[in-house]
There are 2 protein chains.
Amino acid sequence: MAQLSDSIEQFIKELMSDDAHIELRRNELAQHFGCAPSQINYVLATRFSVDHGYIIESRRGGGGYVRIVRMQNRGEKNFLETLLERVGTSIDEDTANAIISNLYERKMVTRNEALLLKAGVARNALALPVTAKDVLRAAVFRNMLIQVFRNIEEGKRDDV
Amino acid sequence: MAQLSDSIEQFIKELMSDDAHIELRRNELAQHFGCAPSQINYVLATRFSVDHGYIIESRRGGGGYVRIVRMQNRGEKNFLETLLERVGTSIDEDTANAIISNLYERKMVTRNEALLLKAGVARNALALPVTAKDVLRAAVFRNMLIQVFRNIEEGKRDDV
DNA sequence: TGCTATAATAGTCAAAGAAGGTCAAAAGAA
DNA sequence: TTCTTTTGACCTTCTTTGACTATTATAGCA
């Protein structure tokens with residue numbers, strides 16, 4: 001049943017289309033969807049986080065607004081470093097998934113590859129205490145991320 | 001006779017009819033049959049497992065669902081089953097790599113996907129005693145293998 | 001002009017609601 | 001008995017709402 005949050009996410013993405021950023025009124029949007037204003041914050045937090053490749057700016061008071069900015073493509077080399085730093089030595093599944101979705105939106109991986117990456121970091125694969133899971137997931141994920149960039153870099157040789 | 005589980009199994013199969021996959025609400029279905037929700041899980045586990053040719057996906061929370069995907073052709077189903085059996089609960093890196101190369105040779109995964117899979121099971125990702133590594137690798141690998149087949153089956157939906 | 005009160009926004013956080021998952025014990029069949 | 005099925009208690013995840021808080025612009029007043 002196409003969750004409210006999903007609809008709002010879609011709506012915002014359509015609004016953005018090709019633009020690198022849009023501005024909206026939190027209350028208006030909430031009214032449009034007949035929901036609590038804080039629902040908008042929830043959507044922003046869960047679907048437009050930095051890990052998803054967006055930056056949120058806002059301003060309160062009269063004439064207030066919420067601006068959603070799609071982060072620019074950095075140089076790939078730099079980007080990998082940033083991602084690895086973000087992953088660090090421990091990462092939870094949601095954050096990892098956000099990063100993967102971002103890679104897909106930037107067309108750096110195909111849909112199938114994205115799903116493969118998600119399968120690799122899924123919590124259900126790891127029968128361990130949560131903390132250990134996060135540590136292990138980070139290790140596996142780092143490896144896969146590096147491979148993603150390697151794939152992008154070379155994409156030519158045919159020996160596997 | 002006609003066990004409850006059998007009825008539920010039939011019901012689901014009729015629901016699917018020609019579709020390669022359906023989505024349902026666990027609680028609704030349970031209510032329809034006047035049984036405990038976990039009964040549905042039992043049916044899924046015993047009649048819609050991978051070795052029966054199905055793959056289950058699900059999501060919790062508001063708007064949650066259970067999706068049942070049927071693998072189209074028998075060959076694929078048996079192959080996945082064989083692979084999962086081969087992987088078992090513990091596998092070393094070389095064996096995993098051999099399986100991946102085989103998938104690539106059969107053109108079931110692209111070169112990039114194969115490399116991604118290898119990255120996911122690489123020993124350097126797992127900072128653990130060897131035995132534990134193998135066990136963990138098996139878990140992650142199983143997950144990824146199932147995803148490979150899922151990709152082959154559906155390759156259409158666009159939600160990542 | 002400078003200050004202040006008010007209205008107009010947005011943010012935070014915790015609690016409630018809405019699913020599905022797990023596991024072990026009880027019940028039933030073979 | 002032994003294997004399969006069924007149930008229920010408890011767990012985890014994701015969403016939605018609402019009360020309370022914070023910030024900003026502006027109109028009115030001294």
Side-chain angles (χ1 to χ4, degrees), chain A residues 1-12 22-52 55-69 92-98 101 118 121-131 133-134 137, chain B residues 1-12 22-49 52 55-69 139 143 159:
Chain A
M1 174 135 9
Q3 270 333 95
L4 218 204
S5 289
D6 295 334
S7 311
I8 297 175
E9 176 189 0
Q10 269 318 110
F11 185 80
I12 292 177
I22 52 162
E23 245 174 50
L24 44 86
R25 299 310 194 82
R26 187 183 76 149
N27 287 345
E28 263 180 26
L29 192 54
Q31 198 149 37
H32 181 259
F33 281 98
C35 65
S38 54
Q39 175 76 35
I40 306 302
N41 297 78
Y42 175 73
V43 174
L44 295 178
T46 56
R47 277 105 157 142
F48 294 89
S49 68
V50 169
D51 292 318
H52 282 96
I55 293 174
I56 306 298
E57 296 165 37
S58 68
R59 188 164 188 169
R60 312 185 190 193
Y65 61 84
V66 172
R67 183 178 4 232
I68 304 173
V69 184
D92 64 64
E93 187 176 358
D94 286 345
T95 306
N97 280 338
S101 295
K118 289 193 179 186
V121 300
R123 81 190 113 228
N124 74 308
L126 316 171
L128 293 167
V130 181
T131 338
K133 270 187 208 199
D134 288 353
R137 174 179 298 116
Chain B
M1 216 116 7
Q3 299 283 256
L4 216 205
S5 289
D6 295 332
S7 312
I8 296 175
E9 177 188 359
Q10 276 318 303
F11 185 80
I12 292 177
I22 53 162
E23 238 175 67
L24 45 85
R25 300 309 194 86
R26 188 183 75 149
N27 287 343
E28 264 180 24
L29 193 54
Q31 198 150 37
H32 182 260
F33 282 97
C35 65
S38 54
Q39 175 75 35
I40 306 302
N41 297 76
Y42 177 72
V43 174
L44 294 178
T46 57
R47 276 103 157 149
F48 294 89
S49 62
H52 283 90
I55 294 174
I56 307 297
E57 299 167 58
S58 68
R59 184 171 166 180
R60 312 186 189 191
Y65 60 81
V66 173
R67 180 167 18 224
I68 305 173
V69 182
N143 239 32
D159 53 301

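Throughout, a chain's letter reflects where its sequence line sits, starting with A, and its residues are numbered from 1.
- Phosphate contact (OP1/OP2 of D:dT6, side-chain N/O of B:Y42, threshold under 4.0 Å): absent.
- In this structure, A:S5 and A:T46 have side chains that are not in contact, with every pair of non-hydrogen atoms separated by 4.5 Å or more.
- Look at A:R59 and you won't find any side-chain N or O under 4.0 angstrom from OP1 or OP2 of D:dT23.
- Between A:S58 and the choices A:V66, A:I68, A:L44, the side chain to side chain contact (heavy atoms under 4.5 Å, CB included) rule is met once, by A:V66.
- If you measure from atom CG of B:L29 to atom C1' of C:dA19, you get 14 Å, rounded to the nearest angstrom.
- With rounding to the nearest 0.5 angstrom, the OH atom of B:Y42 is 6.0 Å from the CZ atom of B:R47.
- Judged by atom type and distance alone, A:R26 reaches the base of C:dG11 through a side-chain donor-acceptor pair under 3.5 Å.
- Comparing A:G63 and A:Q39 by the nucleotide of DNA chain D whose heavy atom lies nearest to each, the residue mapping closer to the 5' end is A:Q39.
- We find that CZ of B:R25 is positioned 13 Å from C1' of D:dC14, with the value rounded to whole Å.
- The shortest distance between the side-chain N/O atoms of A:S5 and the OP1/OP2 oxygens of D:dT16 is below 4.0 Å.
- For the pair A:R67 CZ and D:dT24 P, the computed distance is 14 Å after rounding to whole Å.
- Of all non-hydrogen atoms in A:E93 and A:V121, the two that sit nearest each other are CG-O, 4.0 Å.
- One can place CD1 of B:I8 at 18 Å from P of D:dT4, the figure rounded to the nearest angstrom.
- For B:Q31, the CD atom counts as loosely surrounded, since its 6.0 Å shell holds 12 or fewer non-hydrogen atoms of other residues, nucleotides or ligands.
- The A:Q3 side chain lies nearest to D:dT15 when the options are D:dT5, C:dA19, D:dT15.
- A:N27 has a side-chain polar atom (N or O) that falls below the 4.0 Å cut-off from OP1 or OP2 of C:dA10.
- Contact annotation for B:R47: backbone-only contact, meaning every heavy-atom pair under 4.0 Å involves sugar-phosphate atoms and none involves a base.
- Checked against D:dT7, D:dT12, D:dT15, the side chain of B:R60 finds its nearest nucleotide in D:dT12.
- Residue contacts shown for B:N41 include a base, since a base heavy atom lies under 4.0 Å away.
- Atom CG in A:D6 sits roughly 14 Å away from atom C1' in D:dT13 (whole-Å rounding).
- Judged by distance alone, with hydrogens and angles left aside, B:S38 brings no side-chain donor or acceptor close enough to the base of C:dG21 to form a pair under 3.5 Å.
- Projected onto DNA chain D by closest heavy-atom contact, B:G61 and B:C35 fall at different nucleotides, the more 5' of which corresponds to B:C35.
- Residue A:G64 is classed as a sugar-phosphate contact, given heavy-atom separations below 4.0 Å to backbone atoms only.
- Comparing D:dT7, C:dG20, D:dT16 by their nearest atom to the side chain of B:L4 picks out D:dT7.
- Going from atom CG of A:L44 over to atom P of C:dT12 covers 11 Å, rounded to whole Å.
- When rounded to the nearest whole Å, the span between CD of A:E57 and P of D:dT23 equals 18 Å.
- The structure places CG of B:L29 at 5.5 Å from CG of B:L24, a figure rounded to the nearest 0.5 Å.
- Taking atom CD of B:Q31 as the reference point, atom C1' of C:dA19 lies 13 Å away to the nearest angstrom.
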